[in-house]
Amino acid sequence: MSDSIFLKDLRVRTIVGIWDWERRLPQLVSIDLEMAADIGRAAARDHIEATLDYKAVSQRVRAFVEASSFQLVETLAERIAGIIMDEFAVPWVKVVVHKPFAIRGSSDVGISIERGRR
């Protein structure tokens, strides 16, 4: 299957980082998701129950990230991928976590992971 549903620039404040100041102050992260989905089945039925409810995914990811407190964005991305695959029965997901302005002189830094099978 090569169909996917994507969500770009989901902005959430969370505790993430290794430095003392990062552990005290929530920072803005931005999350991009791409998730395998059977678009043909959804299009044929034209009903929300036939597709991946991206609003439900975004609400779950936002709630998780807001409540989390990880040292590494790598851990955050891995846990987000697990939630999406386990709770929403998604066979493949790509998660990109951006940590804007984390490096002086750079507007963005982050990681990208893919989990599952396409």
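Scope of the values below: all heavy atoms of this structure, side chains included, with no hydrogens, waters or symmetry mates.
With a 4.5 Å cut-off between side-chain heavy atoms of Ile, Leu, Val, Met, Phe, Trp and Tyr, the cluster of I15 takes in none.
Evaluation of the salt bridge (Lys or Arg N to Asp or Glu O under 4.0 Å) test over residues 93-110, restricted to residues two or more places apart or in two chains, returns E22-K99.
Although no hydrogens or angles enter the test, the distance criterion places no donor-acceptor pair under 3.5 Å between the side chain of R115 and the main chain of G82. Under the 3.5 Å distance criterion, the side-chain polar atoms of S58 are matched with a main-chain donor or acceptor of K55.
The shortest side-chain heavy-atom distance between V90 and L52 falls under the 4.5 Å cut-off. Between F101 and S106, every side-chain heavy-atom pair lies at or beyond the 4.5 Å cut-off. The side-chain heavy atoms of I80 and V93, taken from C-beta on, include no pair separated by under 4.5 Å. The side-chain heavy atoms of V61 and L10, taken from C-beta on, include a pair separated by under 4.5 Å. Between E114 and W92 the shortest side-chain heavy-atom distance falls below 4.5 Å. In this structure, the side chains of E34 and S4 come closer than 4.5 Å at one or more pairs of heavy atoms.
For the residue pair P100 and V29, the shortest heavy atom distance occurs at CD-CA, 4.3 Å. Closest approach of A50 to A42, counting heavy atoms only: O-CB, 3.5 Å. In terms of heavy atoms, A81 sits closest to I113 at CB-CD1, 4.1 Å.
Linking Ile, Leu, Val, Met, Phe, Trp and Tyr whenever their side-chain heavy atoms come within less than 4.5 Å puts W21 and I18 in one cluster. Note: the hydrophobic cluster containing L28 does not contain V96 (ILVMFWY, side chain heavy atoms under 4.5 Å, direct or indirect links).
In this structure, CZ on R41 lies 13.0 Å from CG on D46, to the nearest 0.5 angstrom. Considering CZ of R45 and NE2 of H47, their distance stands at 7.5 Å, rounded to 0.5 Å.
Residues that satisfy the side chain to side chain donor-acceptor pair (under 3.5 Å) test with R60, not counting sequence neighbours, are E87. With sequence neighbours left out, D9 forms a side chain to side chain donor-acceptor pair (under 3.5 Å) with R11, S30. For R62, the side chain to side chain donor-acceptor pair (under 3.5 Å) test picks out no residue, with sequence neighbours left out.
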*Report the C-alpha separation of D32 and H98 in whole Å, then their side-chain angles, then the decisive distance to 0.1 Å, and conclude whether the side-chain contact (heavy atoms from CB on, under 4.5 Å) test is met.*
CA-CA 8 Å; D32 300 333; H98 304 263; 2.8 Å; yes
*asked:* With side-chain contact (heavy atoms from CB on, under 4.5 Å) as the criterion, how do I39 and I5 come out once you've worked through the C-alpha distance, each side chain's angles and the decisive distance to 0.1 Å?
replied: CA-CA 8 Å; I39 302 302; I5 291 175; 3.8 Å; yes
*Assess whether side-chain contact (heavy atoms from CB on, under 4.5 Å) is satisfied between L33 and I84, documenting all intermediate values.*
CA-CA 10 Å; L33 304 172; I84 292 169; 3.7 Å; yes
Contacts under 3.5 angstrom, residues 63-76 side chains, donor-acceptor by atom type, not counting sequence neighbours:
residue : atom : partner : partner atom : Å
S68     : OG   : T14     : OG1          : 3.2
S68     : OG   : V65     : O            : 2.8
S69     : OG   : R23     : NH2          : 2.8

